[in-house]
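Below is one structure, written out as structure tokens, with a few remarks after it.
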Amino acid sequence: MSNVNSFWSPRVAVLEPYVPGEQPRIAKLVKLNTNENPFGPAPHVLEAIMAAASDGLERYPDPDSMALREAIAARYGLDSSQVFVGNGSDEVLAHAFFAFFQQAEPLLIPDVTYSFYRVYAQLYGIACELQPVDAGLRIDVPTMAVRAATDCGGIVIANPNAPTGTGLPLRDIQRLLEACTRRVVLVDEAYVDFGGESALPLIERHPNLLVVQTLSKSRSLAGLRVGFACAQPHLIDALQRVKNSFNSYPIDRLASAGAIAALADEAWFAHTRHEVMDIREGLALQLEDLGFEILPSQSNFLFVRHPAHDAMALASALRARAVLVRHFDEPRITQYLRISIGTREQCGLLVDALSDILG
Ligand SMILES: *Cc1c(COP(=O)(O)O)cnc(C)c1O
């Protein structure tokens with residue numbers, strides 16, 4: 001057999017790609033491993049997508065996605081020049097890493113956070129300096145601010161953080177923005193709609209702030225792939241330059257139509273996100289009764305550990321009972337499980353399975 005690797009460009013061999021949670025085809029699976037929203041998108045989303053599908057698929061979509069950017073801007077009280085959209089917020093993040101963090105100084109990221117950040121940094125050759133989280137796995141803002149004030153290539157945090165679910169108040173974000181005025185501070189708000197505090201109101205006053213959100217979680221559209229970033233126009237222009245050097249049409253006609261319909265339905269949005277938060281609080285109490293320790297969550301998942309049971313063993317015992325949760329075999333968090341909030345019924349099945357396993 002020939003050596004396949006001889007076809008690869010040298011940098012491909014050293015990449016350590018992100019590994020997403022599995023999407024297996026098992027019947028009757030209780031799938032609580034990838035933070036999907038169990039309630040589905042707003043009712044009019046499907047109609048909007050079908051209408052878009054029956055009209056104009058032979059033509060390219062608008063390369064600037066103006067209709068969608070205007071819908072996002074209107075929803076959040078911004079101008080469309082302050083909004084960038086991409087094929088999922090993962091793509092938005094990738095473009096932001098390329099646009100803002102290829103600097104002489106290292107990028108600061110927490111040592112426990114969304115593991116894709118390190119993957120993008122590696123892809124684009126960006127040096128990262130990991131900032132230790134505290135004993136409660138919270139981002140240590142005072143230490144990070146001191147470090148950022150000397151020199152740094154920028155800051156990336158998730159707020160609420162992943163995979164821990166804990167959130168920072170706005171004054172902490174402000175503190176980081178003021179410590180790192182020469183570089184961009186990226187705040188990934190994938191979970192903010194489940195009880196976090198959004199930094200969007202700070203955009204007006206901070207030319208270095210980039211806020212990234214997604215329709216995958218709180219709008220239940222993970223399958224449509226729509227994410228966005230909000231910032232002052234000079235940062236949005238940089239993202240447009242990168243995007244237009246990569247893919248003119250990241251948002252297809254169906255995604256645009258579905259996303260606009262989702263943003264228009266405030267009632268569904270409010271109902272489903274409150275339902276997720278309510279189920280989360282109930283599940284936390286039940287897991288505590290089973291002896292789990294639970295980090296305070298402002299997201300659509302719980303990050304939990306059991307003092308007497310190995311996390312990886314629990315995850316595989318759950319899997320054997322057709323319940324999927326996420327385990328990260330990484331330093332500091334290897335004894336934790338991340339459990340996405342499902343329907344009441346799914347969470348009930350999880351608790352039954354755990355009661356059975358814990359005996
Ligand atoms: C889910 C998630 C994303 C990616 O969302 P997509 O828009 O589906 O690409 C980004 N950041 C964090 C922290 C996430 O958990």
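Quick caveat: nothing in here was measured; it's all calculated off a predicted structure. All ligand and atom numbering here is 1-based and tracks the order in the structure.
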ask   = Does G227 reach ligand 1, in the sense of a heavy atom lying below 4.0 Å from it?
value = no
task = Please report which non-hydrogen protein atom sits nearest to atom 13 (C) of ligand 1, along with the residue it belongs to and the distance in Å to one decimal place.
result = D188 OD2, 3.3 Å
request  = Pick whichever of Y114, F301, Y191 has a heavy atom sitting closest to atom 15 (O) of ligand 1.
outcome  = Y191
query = Using heavy atoms and a threshold below 4.0 Å, how should the contact between F116 and ligand 1 be classified: side chain, backbone, both, or neither?
reply = neither
ask   = Under a 4.0 Å heavy-atom limit, does A190 contact ligand 1 with its side chain, its backbone, both, or neither?
value = side chain
task = Determine, considering heavy atoms only, which of L93, N161, D90, L224 sits nearest to atom 4 (C) of ligand 1.
result = D90
remark   = Filtering G86, S89, G21, A158 for the heavy atom nearest atom 6 (P) of ligand 1 leaves S89
ask   = If we only count heavy atoms from C-beta on, is the Q122 to L15 side-chain gap below 4.5 Å?
value = yes
inquiry  = At less than 4.0 angstrom from any non-hydrogen atom of R225, what atoms of ligand 1 do you find?
reply    = 6 (P), 8 (O), 9 (O)
query = For ligand 1, is there an N or O atom under 3.5 Å from any N or O atom of T214?
reply = yes
Distance from atom 2 (C) of ligand 1 to nearest protein heavy atom, with residue and atom = K217 NZ, 2.4 Å
ask   = What atoms in ligand 1 come closer than 4.0 Å to a heavy atom of G88?
value = 7 (O), 9 (O)
message = Check for me whether the distance between the ring centres of Y114 and Y18 falls short of 6.0 Å.
response = yes
Row check, F303 ring normal vs R338 NZ/CZ: under 6.0 Å, within 45° = no
task = Give a yes/no verdict on a cation-pi contact between R273 and F269, requiring under 6.0 Å between NZ or CZ and the six-membered ring centre and an angle within 45° of the axis.
result = yes
Numbering as shown, the atoms of ligand 1 that approach S216 to under 4.0 Å (heavy-atom distance) = 6 (P), 7 (O), 8 (O)
message = Tell me every residue that passes ring-ring contact (aromatic ring centres under 6.0 Å, His included) with Y76, counting only those two or more places apart in sequence or in another chain.
response = F228
query = To the nearest 0.5 Å, what is the distance between NZ (K31) and CD (Q346)?
reply = 10.0 Å
message = Between the side chains of R183 and E105, is the shortest nitrogen-to-carboxylate-oxygen separation below 4.0 Å, so that they form an ion pair?
response = yes
Distance (rounded to the nearest 0.5 Å) between R69 CZ and D79 CG = 9.0 Å
